Amino acid sequence: MLDPKWVREHPDEVKEAGRKKRMECDQVVDRFLEVDEALRALLPEVESMRARQKSLGREMGSATPDQREALLREQKESKKRIQELGVRERELKQEREDLLLHLPNIPAPEVPEGADDNDNVELRRVGEIRDFGFSPKDHITLGERLGILDFKRAAEMAGTRNYFLKGKAVLLEEAVLRFALDHLIQKGFEPMTVPLLVRDFAMVGTAYFPGGEEQAYRCEKDELNLIGTGEVPLTSYHQGEILALKDLPVRLVARSVCFRREAGTYGKDTKGLYRVHQFQKVEQVILDVADPELSIQRHLEITSNSEELLQAMGLPYRVVNVCGGDLGQPQIQKFDIETWMPSREGYGETHSASRFHDFQTRRLKIRYKDEEGKTRYCYSLNNTVIASPRILIAILENYQEEDGSVTIPEVLRPYCGFDRIERQ
RNA sequence: GGAGGGAUGGCAGAGUGGCCGAAUGCGCCGGAUUUGAAAUCCGGUUUGUCGCAAGGCAACGGGGGUUCGAAUCCCCCUCCCUCCGCCA
């Protein structure tokens, strides 16, 4: 959420942000200005009336019976008026809040112009793309032949975009996740196990709601939502708190299951492990002081944390600077890491590193006291550390052998307990 | 699922109808003292809004009610806690 004061003073910049993000918001901004102005015109009026009401009550004690009569009459009259204005005040506050929740965060100047992911700007490519010397198979063929993936039974049981991992695929997944978790712990991140079902405020606070309701599974009976990412509980962890300066930055990492309805993606990536309803993810979150320059540094930090893992596993990848049109509502800037997937003959998104400034923390009321003792909103950031089974696509396909077996990347072997997967 | 208790400033915690935007303690910030530190003392330490400023005003989980007047009494909602039951 943007600072209402800032929006008041920079409406054109907000509209420009909407344009750059391809989420036009001119009307919302204009309506905000109206409501905001109406509210600020109303407040002094209500407040002075309430003050008058109070002081009349105080005078009552020392008043003569005649005066008392007059005071009473005045109070009776203004009481009705105060109530009416109070209702109006609440309506305006509510509407202003709703409008604010729909405004986009301001993209950084470094965010490239563009309409969709085709316009993302490649920052770097890392790693050699392997020349197989035979025609490589996709992970579905590989996995089914190795007996470690089963899509058919999963679809029967749970619908499309579901899967069973079996045998060594299970252990490989565990290995990758644990390797990723260990890497982040070693970087000073505190590991957490988090709630997967959360209240609405956490979804709103992290800016998935309003707007993302269709992508989330909801348990209506209990008014809880299944998280689509560990970012939600991690970022919300300190909700409502005022942190001490000495406790910043807060670095958290969690492994969690993630659930996504994938509504509106029919026909897109329908096969295999790429786009599924349920997956596991290790996620990193940083909360730090409100300093844009430092936030850029943190952004690089969380990006390279993840790049290091891909490098260690020997997976080729590229990093792209996500363009305005491909950016979500809450981000200031986003880097996607895309890992090479032979079956796609291209890079597939495996990581997404975002910085938000105080867009989330303002909603979540996560603050800290700065050097001068002033209370300010923290800045938040997050990035995927590893997401599985999507990363398994890259591992299985890049490390396949001509006979259909798969070699395990060296760094994962101690975690797996085996060095290859072959047909049983 | 049943019964009860609670929500006040960064934290703890007083306040049960006007004298309360709010005691006290702790923490934090600034200053004094000190060779330095500890201790001690003094001052400051929520947000919004109006105002150039000084300063004013409003807000005690949220909403409604009673009252001339509500942090305080009543009702509803939300959240938290305790006990019992059930349970991995």
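Residue numbering restarts at 1 for every chain, and letters A, B, ... go by the order of the sequence lines. Fair warning: this is a prediction, and the values are worked out from it, not measured in the lab.
- Taking atom P in both B:A71 and B:A7, the straight-line distance is 15 Å, to the nearest Å.
- A salt bridge between A:Lys5 and A:Glu9 is absent, with no side-chain N of the basic residue lying under 4.0 Å from a carboxylate O of the acidic one.
- Here the separation of B:C80 from B:C86, taken at their P atoms, is 24 Å to the nearest Å.
- Pairing of B:A12, defined by two Watson-Crick or G-U wobble distances under 3.5 Å, is identified with B:U24.
- Look at CD on A:Gln239: it is 13 Å from P on B:C79, rounded to the nearest Å.
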Requested in this report: Step by step, work out the side-chain contact (heavy atoms from CB on, under 4.5 Å) result for A:Thr361 and A:His238.
Outcome: CA-CA 9 Å; A:Thr361 55; A:His238 286 295; over 6 Å; no
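- The side chain of A:Arg199 lies closest to B:C79 when the candidates are B:G10, B:C79, B:U49.
- Here the P atom of nucleotide B:G51 and the CZ atom of A:Arg40 are 8 Å apart, to the nearest Å.
- The pair A:Lys374-A:Asp370 fails the salt-bridge criterion, with no side-chain N (NZ, NE, NH1 or NH2) lying under 4.0 Å from an Asp/Glu carboxylate O.
- One interatomic measurement links the two molecules: CD1 of A:Ile366 to C1' of B:G10, which rounds to 16 Å at whole-angstrom precision.
- B:U66 sits 35 Å from B:G55 when the C1' atoms are compared, rounded to a whole Å.
- As a whole-Å value, the separation of A:Arg52 CZ from B:A58 P is 13 Å.
- When Watson-Crick and G-U wobble pairs are counted only if both distances are under 3.5 Å, B:U67 pairs with no nucleotide at all.
- Taking the charged nitrogens against the carboxylate oxygens, A:Glu262 and A:Arg260 have no contact shorter than 4.0 Å, which rules out a salt bridge.
- Here B:A7 sits opposite B:U78 as a Watson-Crick or G-U wobble pair (both hydrogen-bonding atom distances under 3.5 Å).
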Just the table, please: protein N/O against nucleotides 43-48 of chain B N/O, every pair under 3.5 Å.
{"from": "B:G48", "atom 1": "N2", "to": "A:Glu47", "atom 2": "OE1", "distance (Å)": "3.2"}
{"from": "B:G48", "atom 1": "N2", "to": "A:Glu47", "atom 2": "OE2", "distance (Å)": "3.4"}

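- B:A38: no Watson-Crick or G-U partner with both key distances under 3.5 Å is found in any strand.
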Query raised in the report: For nucleotides 59-65 of chain B, read 5' to 3', which letter fits each nucleotide if B means a protein heavy atom sits under 4.0 Å from the base, S means only the sugar-phosphate is that close, and - means neither?
Result: S---SSS
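- Checked options A:Val322, A:Asn383, A:Asp326; the residue passing with A:Lys334 is A:Val322 (criterion: side chain to side chain contact (heavy atoms under 4.5 Å, CB included)).
- Taking the P atoms as reference points, B:A3 lies 29 Å from B:A12, given to the whole Å.
- For A:Leu92 and B:U49, the CG to P distance is 14 Å, given to the nearest whole Å.
- Evaluation of the side chain to side chain contact (heavy atoms under 4.5 Å, CB included) rule for A:Gln186 yields A:His183 as partners, not counting sequence neighbours.
- Atom name P, nucleotides B:G43 and B:C26: the rounded distance is 15 Å, in whole Å.
- In terms of position along RNA chain B, the nucleotide closest to A:Asp36 lies nearer the 5' end than the nucleotide closest to the other residue of the pair A:Val46 and A:Asp36.
- Comparing the same atom, C1', in B:G51 and in B:G69 gives a spacing of 28 Å after rounding to whole Å.
- Rounded to a whole Å, the CG atom of A:Leu245 is 13 Å from the C1' atom of B:G10.
- Put simply, NE2 on A:His102 and CZ on A:Arg31 are 14.0 Å apart, with the number rounded to the nearest 0.5 Å.
- To the nearest whole angstrom, the two P atoms, one in B:C52 and one in B:A39, are 45 Å apart.
- Figure legend. B:A88 is base-paired to no nucleotide; pairs are counted as Watson-Crick or G-U wobble with both atom distances under 3.5 Å.
- Using atom C1' as the reference point in both B:C57 and B:C20, the two lie 16 Å apart (nearest Å).
- Using a 4.0 Å cut-off between charged nitrogen and carboxylate oxygen, A:Glu45 and A:Arg88 do not count as a salt-bridge pair.
- Figure legend. B:A58 is base-paired to B:U47; pairs are counted as Watson-Crick or G-U wobble with both atom distances under 3.5 Å.
- Look at NZ on A:Lys246: it is 14 Å from P on B:C11, rounded to the nearest Å.
- A salt bridge links A:Arg218 and A:Asp200; the closest N-O separation between the charged side-chain nitrogens and carboxylate oxygens is under 4.0 Å.
- Note that A:Arg413 lies outside the cation-pi zone of A:Phe418, set by a 6.0 Å cut-off to the ring centre and a 45° limit from the axis.
- Across A:Leu412, A:Ile408, A:Ile421, A:Leu315, a single residue satisfies side chain to side chain contact (heavy atoms under 4.5 Å, CB included) together with A:Tyr399, and that is A:Leu315.
- A:Glu241 places its CD atom 16 Å from the C1' atom of B:G27, with the value rounded to the nearest Å.
- Across all strands shown, nothing is found opposite B:C52 as a Watson-Crick or G-U wobble partner with both distances under 3.5 Å.
- Pair assignment for B:C83: B:G2, on the basis of Watson-Crick or G-U wobble contacts that are both within less than 3.5 Å.
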